[in-house]
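This report concerns only the one structure given below.
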There are 2 protein chains.
Amino acid sequence: MAQQKSGHVTLLDIAHACGYSVSTVSIVLSEAPLSKNVASTTRERIRKMALQLGYHPDAYARSLRRRHSQTIAVLAYDLSDPFCIPLVQGIQSGLQPSNYIPFLMDAQTRRKLFDSYLMMILERRAEAVIVIASWIFEETNLLADIEKNKVPIVIIGRDLTPMNISSMLIDNQIGGGMALTHLAKLGHTKIAIIRGPEELVDSEPRWNGVQHAAAEAGIVLDQRLVVQLPRLTDSAFGFEGGLRAARQLLEAGRPFTAVLAFDDMTALGVIRGLAEAGVRVPEDCSVIGFDDVLPARVATPGITTVQQPLQEMGLLASKWVLEEIGVRQAGNNGPIRLYHALPKLVARASTGRIARGGKKKSSA
Amino acid sequence: MAQQKSGHVTLLDIAHACGYSVSTVSIVLSEAPLSKNVASTTRERIRKMALQLGYHPDAYARSLRRRHSQTIAVLAYDLSDPFCIPLVQGIQSGLQPSNYIPFLMDAQTRRKLFDSYLMMILERRAEAVIVIASWIFEETNLLADIEKNKVPIVIIGRDLTPMNISSMLIDNQIGGGMALTHLAKLGHTKIAIIRGPEELVDSEPRWNGVQHAAAEAGIVLDQRLVVQLPRLTDSAFGFEGGLRAARQLLEAGRPFTAVLAFDDMTALGVIRGLAEAGVRVPEDCSVIGFDDVLPARVATPGITTVQQPLQEMGLLASKWVLEEIGVRQAGNNGPIRLYHALPKLVARASTGRIARGGKKKSSA
DNA sequence: GCAAGGAGTTCAAACGTTTGAATAGGGCAT
DNA sequence: ATGCCCTATTCAAACGTTTGAACTCCTTGC
């Protein structure tokens, strides 16, 4: 009955209610070491009263006093990009066994939000940060600020080891190569390539991988079959880009039997664009993507793609930060790490052996 | 230089560094009303020093003292379900203009996690809660606990007005009707129905809507064409269910020209299952979904579906809680609200007029 | 000469915990 | 009796803020 003005039940309320001091109550309820020499009858009474009054310790007071928040910030550039989800899942499962809890933040591809979240990370005294980066993340100085505060950071999707930040990336070069090799093995030679937007760091190495693999397979890439995705404003909407790219390719009228799309969403857009013109996938044209996101798996035909081990990466990222928290508590400093994840080709139904007849694209 | 043991710069550090009291520093940096009669030179010096030392106010100390956390908990049953994302987006944009920040929690369809997050909501003194519910949410008593603590709650996807909790749902009955009517208008009469899992509250009313609309259209539903989705363990994997349902339907050998799937993921599974048997969508068979999630929009053919205004619902939910926080601060109590969102049919390419020849399903 | 008021700053208490040190009352061996 | 340990409990300070009240100078008006 002795409700505080805050509306929440406090230790003091319980203390009053059952005639012990705040200390005793605290010791019992927080299961401090000292609680082993609190009389068991006392323990019982306090516990019962706490339950009855509906007590829940105030995380703010507790964290203030204990000087740690048990919180790990997870800052994603955009949760509506299906790419982020498996990463977040991986991180969450990695954090589960620890008693750190993830503080999920969604920057929604907005630079402003991204920065304000970074600020919040500092204010909320997150004990570590995992950043899922993309182009919005343009060397913000706040990250340095976080580093200065001795908060462990891991960044996924960017190599920031030069700034002393542990980083984790997919090996885009190998991945790009895999995609092209897969198409080559199926007999395709007239391959259209949809390159990623310039501001994405993945675009360049992926393209390099494609070129090398082409050279190795003895394929000359027709520059007129290479299109460049524009800057994507609307996050997940590589789809729109792929759709336009496909139309553009068809209009150009140069024949091709396969499209190597920058990522899965692009690939899905391409397939839509081809379908508009009556081009069937994979019968008339193969399409390959990259990432292996959910929409690619559930589409029919299933999209052949270069899979990123996103969940594993998330898991590993959480392991890294937990470890680093450990070593810093011991007063040391762990190594700055860099991990290049290996992609894996997942062959589904959107790619196939080149048609015998060498069927041409229907163009205007 | 006067770093505290916590590793973070505090007001005291700044006070020492520039020779003012902690109070003055606090007043300046928190822009309290009193700061208007702090000498501007003082203000300058303090601000400069704060910046230089890299000061960031401790959210824990601040919230403890101010007695509010500026935090609104958003508890989703599973972020990897594409259904949740637009809701979360809507909530986020609704919260943007306020200075409450969303604390995003992902229960990952795990009852245990769900409960522990609810606990955390209490401990972190969230000032309101928005729950995106599904079947994992089985009348947990913790929600009552939250209510008891006078924290405003809004639940999406469940009618909890009997428990005095504002609720928001899609009108499943109307939605189900819309789907069936759409198929009927296209001339379909042999319609297979895939009902939702029993433990989902949406299943029942949606099915009712379908039945009514069928009666109204003068269609008799063949019970042998009605299959029931099993309990979904793996969240978003209605896909698997749809796939199996399609196989089952084809095996049964009863002809049908359209499938009304419980939701989009199911529809995508159905399409895959039909494709396995060489049944083309929409030429040989129409398929309609429900929800309008991303994978349905980017698949080809685009899935015709009954759209839920998820983003708007999220937005509204955030408006509700903000309002309620307002009225409670004024000492009053707002109304318990209930909102039935109106679904909208989005016709895409997965449904079409029935084939003239009345082409039968290929079965075993 | 003095109250009134304002500008600039500081005091000190409070928010709800945790925890090292202290206390009180044993019992038990010397 | 004294000293000592043991059990059960409490004191009081601290975490980093915020804020109502107080304090010290000044100026200004009467």
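Numbers restart at 1 for each chain; the letters A, B, ... are given by sequence-line order, proteins then strands. Hydrogens, waters and symmetry mates are skipped; everything else that's a heavy atom, side chains included, is used.
Rounded to whole Å, the distance from CZ on B:R66 to P on D:dG20 is 12 Å. Look at NE2 on A:H56: it is 12 Å from P on C:dT17, rounded to the nearest Å. The distance between atom CD1 of A:I46 and atom P of D:dT9, rounded to the nearest whole Å, is 8 Å. Between B:N37 atom CG and D:dG20 atom P the separation is 13 Å, expressed in whole Å. Regarding B:R124, its CZ atom lies at a distance of 14 Å from the P atom of C:dT17, rounded to whole Å. Between the P atom of C:dG16 and the NE2 atom of A:H8 lies a distance of 10 Å, rounded to the nearest Å. What separates CD1 of B:I27 from P of D:dG20 is a distance of 10 Å, to the nearest Å. If you measure from atom CG of A:L64 to atom C1' of D:dA14, you get 9 Å, rounded to the nearest angstrom.
Applying the 4.0 Å criterion to OP1 and OP2 of C:dT9, one finds that B:T24 has every side-chain N and O outside that range. Side-chain nitrogen and oxygen atoms of B:S26 include at least one within less than 4.0 Å of the OP1 or OP2 phosphate oxygen of D:dT18. Dashed line: the shortest gap from a side-chain N or O of B:S21 to OP1 or OP2 of C:dT9 is not under 4.0 Å.
Screening B:I121, B:L104, B:L113, B:I132 against B:L75 for a side chain to side chain contact (heavy atoms under 4.5 Å, CB included) leaves a single residue, B:I121.
Side-chain N/O atoms of A:D58 and A:H8 include no donor and acceptor closer than 3.5 Å. Looking at A:R110 and B:Q96, their side chains do bring a donor and an acceptor atom within 3.5 Å of each other. Residues A:R124 and B:Y60 bring no donor and acceptor atom of their side chains to less than 3.5 Å of each other.
The side chain of A:S30 lies closest to C:dT18 when the candidates are D:dT17, C:dT18, C:dT10. If you check D:dT9, D:dT19, C:dT17 against the side chain of A:Y20, the one that comes closest is D:dT9. Checking C:dT17, D:dT9, D:dT17 against the side-chain heavy atoms of A:R62 singles out C:dT17 as nearest. You'll find that the side chain of B:S23 is closest to C:dC11, out of D:dC11, D:dT18, C:dC11.
When each of A:D58 and B:V38 is assigned the nucleotide of DNA chain C bearing its nearest heavy atom, the one mapping closer to the 5' terminus is B:V38. When each of B:Y55 and B:L34 is assigned the nucleotide of DNA chain D bearing its nearest heavy atom, the one mapping closer to the 5' terminus is B:Y55.
Contacts of A:T42 with the nucleic acid, taken as non-hydrogen atoms under 4.0 Å apart, involve only primed sugar atoms and P, OP1 or OP2. No engagement by B:Y60 is indicated, since no non-hydrogen atom pair under 4.0 Å with the nucleic acid exists.
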Legend entry - Step-by-step salt bridge (Lys or Arg N to Asp or Glu O under 4.0 Å) determination, B:E323 to B:K319: CA-CA 6 Å; B:E323 259 179 62; B:K319 292 268 179 288; over 6 Å; no
